[in-house]
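Read the structure below first, then the notes.
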There are 2 protein chains.
Amino acid sequence: MKAQTTNGSRTRDGRSTREAILAAAQRLIHVHGYNHTVLDDVLRESGVGKGNFYYHFKSKEELGHAILDQLVTSFIERTLEPCFADPAGRPLAQIRCFLDRVLEAQRERHCVGGCPLGNLAAELSDVHEGFRTRLASVFAAWRERLTVALHRARRSGDIGAAARPEALADFLVASLEGAILLTKVSKDIAVMEQCVGEMKHYLAQYEAGR
Amino acid sequence: MKAQTTNGSRTRDGRSTREAILAAAQRLIHVHGYNHTVLDDVLRESGVGKGNFYYHFKSKEELGHAILDQLVTSFIERTLEPCFADPAGRPLAQIRCFLDRVLEAQRERHCVGGCPLGNLAAELSDVHEGFRTRLASVFAAWRERLTVALHRARRSGDIGAAARPEALADFLVASLEGAILLTKVSKDIAVMEQCVGEMKHYLAQYEAGR
DNA sequence: AGTTTTGTACCGACCGGTTGGTACAGATGA
DNA sequence: TCATCTGTACCAACCGGTCGGTACAAAACT
C-alpha cells in the first residue's frame with residue numbers, strides 16, 4: 001500500500017500520503033457518514049500517523065471539505081460528464097444512459113453506501129451551513145445539466161413543448177436520490193429498478209406527447 | 001413544565017417523565033440525527049436527570065427504538081391514515097391529498113429537518129442492522145398503502161390498466177423522499193413544489209391513458 | 001392506630017473509553 | 001543546512017453509562 005521513494009526508504013511522497021488519507025476517508029465517510037467517521041479509523045486504514053495527518057490537514061473539517069471537493073469533481077467528471085459531454089448526442093438517450101449508470105453503480109455496491117452526496121446532504125444540511133451550501137451547489141449543477149439537456153430535447157422536438165425542463169430536472173434528481181435511499185434501506189435493488197423504470201416511462205410520455 | 005402529583009410533591013408522574021424525554025429526543029434527533037444527538041442535550045432540554053433517564057431507558061439504543069416506535073405510529077396514524085382511511089374515497093384524490101400534506105409539512109418547517117424517517121434511513125441503514133430492518137418495514141408499509149390505493153384506482157378505471165401499482169408506489173415514495181431531501185439541502189421549498197407538481201402530472205397521465 | 005418495609009421515581013457526581021487536536025523530536029531529501 | 005515530512009506521546013473535552021444515595025407513597029405488619 002505504501003508508496004516507496006526511489007531509494008527504498010520508508011517515507012511516502014507527501015502527495016501520496018494526502019491521497020491515501022483522502023481515499024480512506026472517502027470510503028469510511030461513504031458508509032459511516034461524516035460525524036460518525038472517526039479520525040483514528042482513517043489513520044489506521046491509511047497507515048498514516050496522527051502528526052502526519054495534521055501536517056496535511058488543518059482539522060477534520062478541512063478534511064471534510066477536501067473529501068467534498070473530491071466527491072464533487074469525481075461525480076461531475078466521472079458520472080455526469082461522460083453521459084452529457086457529447087453536444088451532438090440525443091439528450092433523452094443521454095439522460096437514460098445516466099439513469100442506468102447510477103442504477104448499475106448501486107447494483108455493484110450491493111445497495112451499500114447509497115449516494116455519497118445525498119448522505120452528506122441528509123446528515124449535514126441542518127447542522128453545518130458551510131457544507132450545506134456546497135452540497136446545494138452540487139445538486140444545482142446536477143439539475144442544471146439535466147435542464148440543459150431537456151431544453152435541447154424540447155428545441156429539437158424530442159419532447160413536447162408542454163414539458164417544463166426545470167421542474168422535470170428537479171424531479172429526476174429527487175427521484176434518483178429517493179430511489180437510492182429506498183434501495184439502501186431495503187437492501188433490494190429491485191426497488192430502484194422499478195423507480196428507474198417509471199422514470200423512463202415518464203420521459204417516454206413526454207416523447208409521445210410531443 | 002413539570003407535572004405535579006396530587007399532593008404537590010416535586011416528583012413527576014413517571015409516565016410524563018418518559019414522555020418528556022421522548023419529546024425532547026425526537027426534536028433533537030430530527031435535526032441532529034441519532035448519533036450526533038447527545039444524551040446530555042436530551043436531558044437538559046427535558047429537565048430530567050441522568051439517573052432518572054437510565055431508570056426509564058436501558059440505553060441510548062433503547063431510546064432510539066422508542067423514538068422509532070413513536071415516529072412510526074405518528075406517521076401512520078397522523079399522516080398516512082387520515083388520507084387513506086376512507087374506503088369510499090377516490091384513491092387518486094387520496095394520493096394527491098397525501099402529497100400536499102407532506103409538502104405543507106415541509107413548508108411549515110421552513111425546509112428544516114427533512115423527513116425524520118428518511119434521515120434515519122440515510123444515517124443508519126449501513127451502520128445498524130436492527131434499525132435498518134425496522135425502517136425498511138415502515139417504508140414497506142408506506143408503499144403498501146399506496147399500492148392498495150393504486151390497485152383500487154385501476155379496478156375502478158380511474159387509471160389505465162397499463163399502470164403497475166407496485167412500481168408506481170415505489171416511485172412515488174422515492175420521489176417524495178428525494179424531494180424532501182433536495183428541499184432541505186437547498187432550503188428552497190420551490191424545489192419540492194415542482195417535484196410534487198410533476199408527480200401529480202405523472203398521475204394525471206395515467207388517468208388520461210385509461 | 002402507628003411503625004416498618006418495600007417499590008417507584010429521581011438526582012448529580014463520577015468513571016473510563018473515545019476523539020479531535022497538539023507538541024515535538026527525528027528522519028529525509030534538496 | 002534548511003525545509004519538508006513523519007511517528008510517538010500526550011492532552012482536554014466529550015459522552016455513554018454507573019453508582020450511591022434521597023424522597024415519598026403505598027403496603028404490610030403489630
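Basis for what follows: all heavy atoms, side chains included, without hydrogens, waters or symmetry-related copies. Treat the numbers as computed from the prediction; the structure is a model and nothing was measured. Every chain is numbered from 1 and lettered A, B, ... according to where its sequence line falls, protein lines coming before strand lines.
Residue A/T17 places none of its side-chain N or O atoms closer than 4.0 Å to OP1 or OP2 of D/dC5. For D/dT6, one of the phosphate oxygens OP1 or OP2 lies less than 4.0 angstrom from a side-chain nitrogen or oxygen of A/H56. Residue B/Y55 places at least one side-chain N or O closer than 4.0 Å to OP1 or OP2 of C/dA9.
Distance B/F53 CZ to C/dA13 C1': 18 Å, rounded to the nearest Å. Here the P atom of nucleotide C/dG20 and the CZ atom of A/R44 are 12 Å apart, to the nearest Å. If you take CZ of B/F57 and P of D/dG17, they are 13 Å apart, rounded to a whole angstrom. Between B/L63 atom CG and D/dC15 atom P there is a gap of 15 Å when expressed in whole angstrom units. The separation between A/D41 atom CG and C/dG17 atom P is 18 Å, rounded to whole Å. Taking atom NE2 on A/H32 and atom P on C/dT18, their separation rounds to 15 Å, with Å as the unit. The CG-P distance, from A/N52 to D/dG7, rounds to 5 Å in whole Å. Atom CG of A/L43 is separated from atom C1' of D/dT8 by 12 Å (rounded to the nearest Å).
Of the possible polar contacts, none joining the A/K184 side chain to the B/S125 backbone as a donor-acceptor pair under 3.5 Å is found. Looking only at distances, a side-chain donor or acceptor of B/E123 sits under 3.5 Å from a matching main-chain atom of B/Y34.
Under the 6.0 Å cut-off for aromatic ring centres, A/H201 and B/Y206 qualify, their centroids lying closer than that. Checked against the 6.0 Å centroid threshold, A/Y202 and B/F171 do not count as a close aromatic pair.
At a threshold of 4.5 Å between non-hydrogen side-chain atoms, the residues A/E198 and B/D170 do not count as touching.
Take A/H128 and apply the ring-ring contact (aromatic ring centres under 6.0 Å, His included) test, not counting sequence neighbours, and it matches A/F131.
Looking at the side chain of B/Y54, the nearest of the listed nucleotides D/dG16, C/dA9, C/dG20 is D/dG16.
In this structure, B/K60 fails the cation-pi test against B/Y54, since its NZ or CZ atom is not both closer than 6.0 Å to the six-membered ring centre and inside 45 degrees of the ring normal.
Salt bridge annotation for A/R134-A/D69: present, with a cationic side-chain nitrogen under 4.0 angstrom from a carboxylate oxygen.
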### Task
Using a 4.0 Å cut-off on protein heavy atoms (strictly under), produce a 5'-to-3' string for nucleotides 9-14 of chain D with B for base contact, S for backbone-only sugar-phosphate contact, and - for none.
------

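A/L172 approaches A/L146 most closely through the heavy-atom pair CB-CD1, 4.0 Å.
Within the helix from C/dA1-D/dT30 to C/dA30-D/dT1, the inter-axis angle between the opening and closing five-pair segments is 20°, rounded to 10°.
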